[in-house]
K.L.:
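Input: one structure, supplied below.
Whatever order the structure lists them in is the order used to number ligands and atoms, beginning at 1.
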Amino acid sequence: GISLSPLIDSQDEYQKAVAIICGSGLGMLADALSNQDAFKYSEIPGFPHSTVQGHAGRLVFGELRGKTCVCMQGRFHMYEGHSLCKTTFPVRVFKLLGVDTLIVTNAAGSLDDSLRPGDIMILKDHINFPGLCGLNPLCGPNLDRFGPRFPAMSGCYDAGLRRIAMEIGKQLGVAEVMTEGVYAMVGGPNFESIAEARLLHRLGVDAVGMSTAPEVVVATHCGLRVFGLSLITNKVVKSYDDPEAVDHEAVLAVGRRRAQTLQSLVMELVARFKCVVYFAILVPKRDFGSGF
Ligand SMILES: O=P(O)(O)O[C@H]1O[C@H](CO)[C@@H](O)[C@H]1O
């Protein structure tokens with residue numbers, strides 16, 4: 001069992017917190033937090049370790065525009081060998097900490113020619129390919145304290161937050177590089193073959209990556225409001241005549257290029273969150289106790 005009580009001090013009225021999961025090369029989103037207190041995943045009992053370049057492996061607590069925020073600088077992927085329960089474990093930790101909104105970010109390749117590297121795709125929906133085949137973090141006995149056996153996934157990406165994000169994009173002058181679309185999760189770690197890319201394109205996928213969907217499934221199951229964005233880092237090669245080949249370093253480079261815009265977008269979005277009154281606040285402490 002996991003005791004979270006050292007992290008939670010019941011106090012009088014506080015707003016609920018926001019959690020952010022940073023995608024590949026997007027760890028700089030945590031830099032926007034003030035009053036930071038950071039923990040290496042290796043210091044947190046029960047947490048998996050990050051093994052992917054561009055995922056620092058730190059949990060950063062702080063404030064974003066006056067809102068309590070916890071940021072995963074580095075996520076866990078199925079292809080690293082973690083079970084889906086492990087990859088999504090932090091989402092349930094966030095729920096128990098009093099988080100009510102989860103912002104998921106990722107680096108993704110575009111199938112749609114109108115989506116170019118550097119563009120920002122707001123997730124309207126996803127196709128969870130591993131999930132369709134039974135690789136789902138909700139498999140196994142249902143934990144009723146978190147949510148129902150058969151959760152709905154229609155509407156899992158909050159329509160209100162999507163609309164606000166597009167408005168903010170206009171205010172920031174980046175509306176022309178922002179669009180809504182469908183993200184597909186594949187298992188990885190290899191990038192797609194050309195036939196696979198063509199299949200995804202024909203299925204109506206706008207962008208593809210190797211993460212996010214399991215986190216969103218678990219978040220939706222436990223009633224978190226979810227906002228998702230993909231930074232388009234590369235085009236997925238769909239032609240046998242195209243000599244281009246994607247690599248992870250190129251993916252990370254696009255993140256560096258768009259760091260400022262993504263930070264502003266996330267900050268402005270959080271600034272607009274309605275304050276929900278709640279009775280717990282995150283109080284990060286170094287001593288996690290012996291409950292883990
Ligand atoms: O989804 P995130 O963690 O952003 O990372 C994406 O980038 C990596 C490939 O370059 C893969 O892990 C893919 O899922």
K.L.:
Which of the listed options, Met210, Glu80, Met185, holds the heavy atom that is closest to atom 14 (O) of ligand 1?
P.N.:
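Among Met210, Glu80, Met185, the closest heavy atom to atom 14 (O) of ligand 1 belongs to Met210.
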K.L.:
Can you name the atoms of ligand 1, numbered from 1 with element, that are less than 4.0 Å from a heavy atom of His77?
P.N.:
2 (P), 3 (O), 5 (O), 12 (O)
K.L.:
Under the side-chain hydrogen bond (donor to acceptor under 3.5 Å, both in side chains) criterion, do Ser24 and His55 qualify, and how do the steps go?
P.N.:
CA-CA 6 Å; Ser24 285; His55 293 260; 2.8 Å; yes
K.L.:
Taking only Lys NZ, Arg NE, NH1 and NH2, and the carboxylate oxygens of Asp or Glu, determine whether Glu244 and Lys235 approach each other closer than 4.0 Å.
P.N.:
no
K.L.:
Any nitrogen or oxygen of Phe191, side chain or backbone, less than 3.5 Å from one on ligand 1?
P.N.:
no
K.L.:
Can you measure from CE (Met28) to CG (Leu262) and round to the nearest 0.5 angstrom?
P.N.:
5.0 Å
K.L.:
Could you tell me whether His248 and ligand 1 have an N or O pair separated by under 3.5 Å?
P.N.:
yes
K.L.:
What protein heavy atom sits nearest atom 1 (O) of ligand 1, and how far away is it?
P.N.:
Ser211 OG, 2.5 Å
K.L.:
Which atoms of ligand 1 are found less than 4.0 Å from any heavy atom of Val251?
P.N.:
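Matching atoms, with element in brackets: 10 (O).
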K.L.:
Check each heavy atom of Asn106 against ligand 1 and say whether those closer than 4.0 Å belong to the side chain, the backbone, both or neither.
P.N.:
both
K.L.:
Tell me whether Tyr183 has any N or O atom under 3.5 angstrom from an N or O of ligand 1.
P.N.:
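By distance alone, the answer is no.
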K.L.:
Is the side chain of Thr101 donor-acceptor paired with the backbone N or O of Val18 at a distance under 3.5 Å, no angle test?
P.N.:
no
K.L.:
Considering both backbone and side-chain atoms of Thr105, is one of its nitrogen or oxygen atoms within less than 3.5 Å of a nitrogen or oxygen in ligand 1?
P.N.:
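For ligand 1, there is no N or O atom that lies under 3.5 Å from one belonging to Thr105.
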K.L.:
Please round to the nearest 0.5 Å and tell me the distance separating atom CD1 of Ile232 and atom OG of Ser114.
P.N.:
9.5 Å
K.L.:
Does any N or O in the side chain of Gln36 come within less than 3.5 Å of the main-chain N or O of Gly62, such that one atom is a donor and the other an acceptor?
P.N.:
no
K.L.:
List the closest protein heavy-atom neighbour of atom 7 (O) of ligand 1: residue, atom name, distance to the nearest 0.1 Å.
P.N.:
Ser24 OG, 3.1 Å
K.L.:
I'd like to know if Arg116 and Glu176 make a salt bridge, using a cut-off of under 4.0 Å between side-chain N and carboxylate O.
P.N.:
no
K.L.:
Could you find the nearest protein heavy atom to atom 12 (O) of ligand 1 and give me its residue, atom name and distance?
P.N.:
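It is Tyr79 OH, 2.6 Å.
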K.L.:
Under 30°, 30 to 60°, or over 60°: which ring-plane class applies to Phe89 and Phe47, parallel, tilted or perpendicular?
P.N.:
perpendicular
K.L.:
Say whether Gly23, considering both its backbone and side-chain N or O atoms, lies within less than 3.5 Å of an N or O atom on ligand 1.
P.N.:
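Between Gly23 and ligand 1 (N or O atoms, distance only) the closest approach is not under 3.5 Å.
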K.L.:
Ion pair present between Arg65 and Glu268, side-chain N to carboxylate O less than 4.0 angstrom?
P.N.:
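Looking at Glu268 together with Arg65, the answer is yes, because their closest N to O distance falls below 4.0 Å.
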K.L.:
I'd like to know if His55 contacts ligand 1, where contact means a heavy-atom distance under 4.0 Å to any ligand atom.
P.N.:
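For ligand 1, residue contact (heavy atoms, under 4.0 Å) with His55 is present.
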